[in-house]
2 protein chains.
Amino acid sequence: MTFQKRANKILELLEEFGEVEIRQLAAEIDVSEVTVRRDLTTMAANGLLYRTHGGAMKVSELIKPVSFVNKAAVNLKAKDAICKRAAADIMDGDIIFIDCGSTAFRLCQFIKNKKIKVITNSLPVVNELQGSPVAINLIGGEVDITRQAVHGNIAQEHIARYHASKAFLGVDGITGEGLYAGSEHEVSNTLAMASQSDCVYMLCDASKIGKTSYLKFNDLSLVNILVTDYNGPEITEFESKGISVFPVTV
Amino acid sequence: MTFQKRANKILELLEEFGEVEIRQLAAEIDVSEVTVRRDLTTMAANGLLYRTHGGAMKVSELIKPVSFVNKAAVNLKAKDAICKRAAADIMDGDIIFIDCGSTAFRLCQFIKNKKIKVITNSLPVVNELQGSPVAINLIGGEVDITRQAVHGNIAQEHIARYHASKAFLGVDGITGEGLYAGSEHEVSNTLAMASQSDCVYMLCDASKIGKTSYLKFNDLSLVNILVTDYNGPEITEFESKGISVFPVTV
DNA sequence: TTGATTATGATTATTTTTGATCGAATTAAA
DNA sequence: TTTAATTCGATCAAAAATAATCATAATCAA
């Protein structure tokens, strides 16, 4: 059993359990604990895992507290894939709007190294981009603590003062009929950002496609690009209405 | 059970409840209270949570920069005494400005139960007032991450849209000659808030009295009320210039 | 094959982690 | 205010895990 084989096995187990113990690995791979310890040390040095006392953890298990807030969020992998694709279109020098909401929030992790300006009404976005070279403009207005965002008339006026090359927005639901939201507060900001942008990206995981909510606030003409992991009959309908669909796989 | 696992567990519980007790954690994780205490100390040192007597609190997500937390710790008792006195003047129904800065920030703890509206450019203030009945209006504009506050022209314009009964401001220094600041950004917000308020409260611990800084931005006429723990010859000078001085003892 | 290099396992010394205890500090109560 | 009850920090000891050392086994090149 070579080191490479053991390393693969360890990564497999790590993937399955998220964490492993030396004892467990030694028994599973049938080598001494000393060897396992050596393997883990090497692998940790290569960034393949996180070494703990008595074992190792998957790197991704070590989440920062901020990410914790959104851990409860559903469809995380889909959202991350969507945001990764969307972020690929963001170039240095861009000025972009980022909507509040859990999907758009995931965009932050992919733009931390970019030299761009972000205009947002989302407090978590501001927080997440701390320490990055990203310049932040925070929309002012009434603070909605439950949504961790700013909204209201002043906020809309504030947005109207700016212009961005791209807007990254989320909605509660999207069908061939149009866009749906769960609250009027969200709508006003979404519309304001869209109207001030050259190109509107809508970030929607599969659960949003074909879903309606209590408020239909606009037809599909608002959207230029739809980034989604969904792959069903509605897609062609969206495209026939002039939306470019960027598919991603989870 | 490794430290990493416990840390994750603690953060989860913190996320759920906002605050936790040592006893509760020890029982939940099944380790001794000493160990929990050690974990909390370590995590607090890393800025993952706030250590309290007997437990920990969720770290305010917007107060991550260590500099601010540290600065806030200087002259804490004096600042708290000053803010407690100032808060006594705040009545239900008031609309108030709260400046950014470590002194004015301490005001938050004394107004959490009041039914008022707070207009501020300070991110820590927004965070601190979460979950309270206080309505918050956040000044919009460019985010200065190091100061944890919003500045710029848009911010000034935003402030100009509002009017408050009282403004609670801080400065870097105050002498018989006037008011001093360490940065022009702070000045513009301070002046804007002062001009839109019926009554300007200046919150200054003793270290600020008689101190000058590189920028004298206004004379004393800006100030209506000075709340301070300082008790020296300058006080009569301030009073002779029309300022009401509210003394506090530490 | 031989000699050199590397990988592995056993042993021992060191470090880390944990829990217990006790005086000091903090908070709450009288 | 003074007093009582917690909680904290420091110190110590026991247990576990690690790193270091060494010897043995496997691998490889000439």
Side-chain angles (χ1 to χ4, degrees), chain A residues 1-14 17-59 61-62, chain B residues 1-11 13-14 17-59 69-70 72-81 83-84 87 106 108-110 112-113 229 248-250:
Chain A
M1 177 78 89
T2 67
F3 167 72
Q4 291 304 334
K5 280 192 168 184
R6 292 198 304 273
N8 284 339
K9 183 77 182 172
I10 289 170
L11 288 176
E12 264 177 41
L13 293 167
L14 217 45
F17 299 109
E19 62 193 311
V20 288
E21 287 178 20
I22 301 262
R23 214 182 309 267
Q24 170 195 356
L25 288 175
E28 186 80 26
I29 310 178
D30 196 32
V31 287
S32 72
E33 297 187 8
V34 180
T35 300
V36 172
R37 218 170 275 133
R38 265 191 278 247
D39 289 350
L40 293 185
T41 305
T42 307
M43 294 171 75
N46 293 332
L48 292 157
L49 46 77
Y50 183 86
R51 190 79 166 78
T52 65
H53 254 254
M57 291 180 79
K58 244 172 92 177
V59 179
E61 299 284 317
L62 293 166
Chain B
M1 175 77 91
T2 65
F3 166 72
Q4 286 79 8
K5 274 195 83 172
R6 294 197 304 272
N8 280 349
K9 185 80 183 171
I10 290 170
L11 288 175
L13 292 168
L14 218 45
F17 299 110
E19 58 191 320
V20 288
E21 288 178 16
I22 302 254
R23 212 183 309 269
Q24 171 195 356
L25 288 175
E28 185 80 25
I29 310 178
D30 196 32
V31 287
S32 72
E33 297 186 7
V34 181
T35 300
V36 172
R37 216 171 281 132
R38 262 191 282 248
D39 288 351
L40 294 185
T41 305
T42 307
M43 294 171 74
N46 293 333
L48 271 60
L49 45 76
Y50 276 144
R51 191 75 167 78
T52 63
H53 251 267
M57 285 182 70
K58 203 171 128 185
V59 74
V69 177
N70 285 345
V74 177
N75 266 342
L76 244 185
K77 292 200 171 176
K79 286 174 179 172
D80 280 353
C83 287
K84 192 171 184 177
R106 306 296 304 180
C108 293
Q109 60 187 311
F110 301 110
K112 281 184 175 173
N113 296 321
D229 60 319
V248 300
T249 52
V250 180

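Since the model is a prediction, treat every value here as computed from it, not as a measurement. Labels below follow one simple rule: chain letters A, B, ... track the order of the sequence lines, proteins then strands, and each chain is numbered from 1.
- Rounded to whole Å, the distance from CG on A:Asp30 to C1' on C:dT8 is 13 Å.
- For B:Arg6 and C:dT18, the shortest distance from a side-chain N or O to OP1 or OP2 is below 4.0 Å.
- Rounding to whole angstrom units, NZ of residue A:Lys5 and P of C:dA7 are separated by 17 Å.
- Sorted by first and then second residue, the side-chain hydrogen bond (donor to acceptor under 3.5 Å, both in side chains) pairs involving residues 19-30 of chain B (not counting sequence neighbours) form an empty list.
- If you measure from atom CZ of B:Phe3 to atom P of C:dT18, you get 9 Å, rounded to the nearest angstrom.
- Rounded to a whole Å, the CZ atom of B:Arg38 is 14 Å from the P atom of C:dT16.
- Rounded to the nearest 0.5 Å, atoms CD (A:Glu12) and CG (A:Leu14) are 11.0 Å apart.
- The CD1 atom of A:Ile10 sits 5.0 Å away from the CG atom of A:Leu40 when rounded to the nearest 0.5 Å.
- Of the residues near DNA chain D, B:Arg23 and B:Val34, the one whose nearest nucleotide (by heavy atom distance) lies more toward the 5' end is B:Arg23.
- Taking 3.5 Å as the limit, the base of C:dG19 and the side chain of B:Arg37 contain no donor-acceptor pair of atoms between them.
- Rounded to whole angstrom, the span from the CD atom of B:Glu21 across to the C1' atom of C:dT26 amounts to 16 Å.
- Protein chain B contacts DNA chain D from D:dT7 to D:dC8, reading 5' to 3' and using non-hydrogen atoms of the protein with a distance under 4.0 Å.
- You'll find that the side chain of A:Thr35 is closest to C:dT8, out of C:dT8, C:dT18, C:dA10.
- One atom, CE of B:Met1, and another, C1' of C:dT18, lie 14 Å apart when rounded to the nearest Å.
- In this structure B:Arg6 satisfies the side-chain hydrogen bond (donor to acceptor under 3.5 Å, both in side chains) test together with B:Asp39, sequence neighbours excluded.
- Across the protein-nucleic acid pair, A:Glu33 atom CD and C:dA10 atom C1' stand 12 Å apart, rounded to whole Å.
- Here C:dT17 presents its P atom at 14 Å from CD1 of A:Ile22, a figure rounded to the nearest Å.
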